[in-house]
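Data block below; observations after.
The first residue in the sequence is number 1, and the count goes up from there.
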Amino acid sequence: MNYKKIDDIYLLCLSEGERVISSIESFAELEKITSGFFWAVGAIKNVELGIFDIEEKEYIRAIFKDYYEIVSCHGNISVDPETGKHLIHTHISFADKQFNIHGGHLFEAEVTVTFEMVFMPVTVPIYRNINPKFNLKLWNVV
């Protein structure tokens, strides 16, 4: 993982074999970042995605093992007020070799070539609290 701060943003670059979500968590810990927003491009494999089932109140998960090109990736970093730990919320869409698009909530992926991310921190923490209706930790900005 390489990164650099330029003015009020960070540029982060992951290399082949690095794990996306784990690396974003490490970056946030190293830089003592509480919250912010990011977007990225790159190429990945071993992608674990989820789609939230609102009736069952849990994620339906799938793993895509081939290699893929990221079409769109964006997310945020927030804080669990109970544990103080970072919560990385990422959505992604990616294309396969036949140009089919897959997408959803990103649980984890492995970089194949590069993962180039722009991160914009915010100066106050964004907290997530459990929403009993969905049993999910959602933003609490009030």
Remaining members of hydrophobic cluster (4.5 Å side-chain criterion), Y59: F52, I54, F107, F134, L136, L138
Can V111 be reached from Y67 by stepping across I, L, V, M, F, W or Y side chains whose heavy atoms are under 4.5 Å apart? no
Of all pairs that satisfy salt bridge (Lys or Arg N to Asp or Glu O under 4.0 Å), the ones with a partner from residues 67-82, not counting sequence neighbours: D80-K137
I21, I77: one ILVMFWY side-chain cluster at the under-4.5 Å cut-off? yes
With ring pair (Phe, Tyr, Trp, His ring centres under 6.0 Å) as the test, would you mind laying out the steps for F27 and Y10 before giving the verdict? CA-CA 10 Å; F27 159 72; Y10 289 85; 5.1 Å; yes
Indicate yes or no: at least one non-hydrogen side-chain atom of F37 is less than 4.5 angstrom from one of V118. no
Main chain of L106, side chain of T90: is a donor-acceptor contact present, judged purely on distance under 3.5 Å? no
Residues in side-chain contact (heavy atoms from CB on, under 4.5 Å) contact with N2, at least two apart in sequence or another chain: none
Residues in side-chain hydrogen bond (donor to acceptor under 3.5 Å, both in side chains) with H89, at least two apart? H91, R128
Mind checking side-chain hydrogen bond (donor to acceptor under 3.5 Å, both in side chains) for E58 and listing every partner two or more places apart, or none if nothing turns up? none
Is there a path of hydrophobic side-chain contacts, each under 4.5 Å between heavy atoms of I/L/V/M/F/W/Y residues, joining W139 to I33? no
Taking the side chain as C-beta and beyond, is there a heavy-atom pair between N76 and I126 under 4.5 Å? no
So F64 and F94, side chain to side chain contact (heavy atoms under 4.5 Å, CB included) or not? Walk me through it. CA-CA 10 Å; F64 297 80; F94 52 90; 4.0 Å; yes
Side-chain hydrophobic cluster, 4.5 Å single linkage: members besides I101: V71
So, H102 side chain and L49 main chain: donor-acceptor pair closer than 3.5 Å or not? no
side-chain hydrogen bond (donor to acceptor under 3.5 Å, both in side chains) filter on N135, not counting sequence neighbours, yields none
When you look at D96 and D66, which way does the side chain to side chain contact (heavy atoms under 4.5 Å, CB included) test go after all the steps? CA-CA 8 Å; D96 63 23; D66 207 353; 5.8 Å; no
Mind checking whether Y68 and V47 have side chains closer than 4.5 Å, heavy atoms only? yes
Pairs involving residues 32-42, ordered by first then second residue, that meet side chain to side chain donor-acceptor pair (under 3.5 Å) (sequence neighbours left out): none
Step by step, work out the side chain to side chain contact (heavy atoms under 4.5 Å, CB included) result for K85 and L87. CA-CA 7 Å; K85 292 187 177 186; L87 297 170; 5.8 Å; no
Check step by step if side chain to side chain contact (heavy atoms under 4.5 Å, CB included) holds for I44 and I70. CA-CA 7 Å; I44 52 177; I70 296 172; 4.0 Å; yes
Just checking Y3: does its OH atom have more than 12 heavy atoms from other residues, nucleotides or ligands closer to it than 6.0 angstrom? yes
Sorted by first residue and then second, give each salt bridge (Lys or Arg N to Asp or Glu O under 4.0 Å) pair with at least one member in residues 40-56; sequence neighbours left out. K45-E110, E48-R61
Quick one: side-chain contact (heavy atoms from CB on, under 4.5 Å) partners of A40, sequence neighbours excluded? C73, F115, M117
Sequence neighbours excluded - salt bridge (Lys or Arg N to Asp or Glu O under 4.0 Å) pairs with any residue from residues 4-31: R19-E108
Separation between OG (S26) and CE (M1), nearest 0.5 Å, reads 5.0 Å
Cluster partners of V79, using ILVMFWY side-chain heavy atoms under 4.5 angstrom, listed by chain and number? Y127
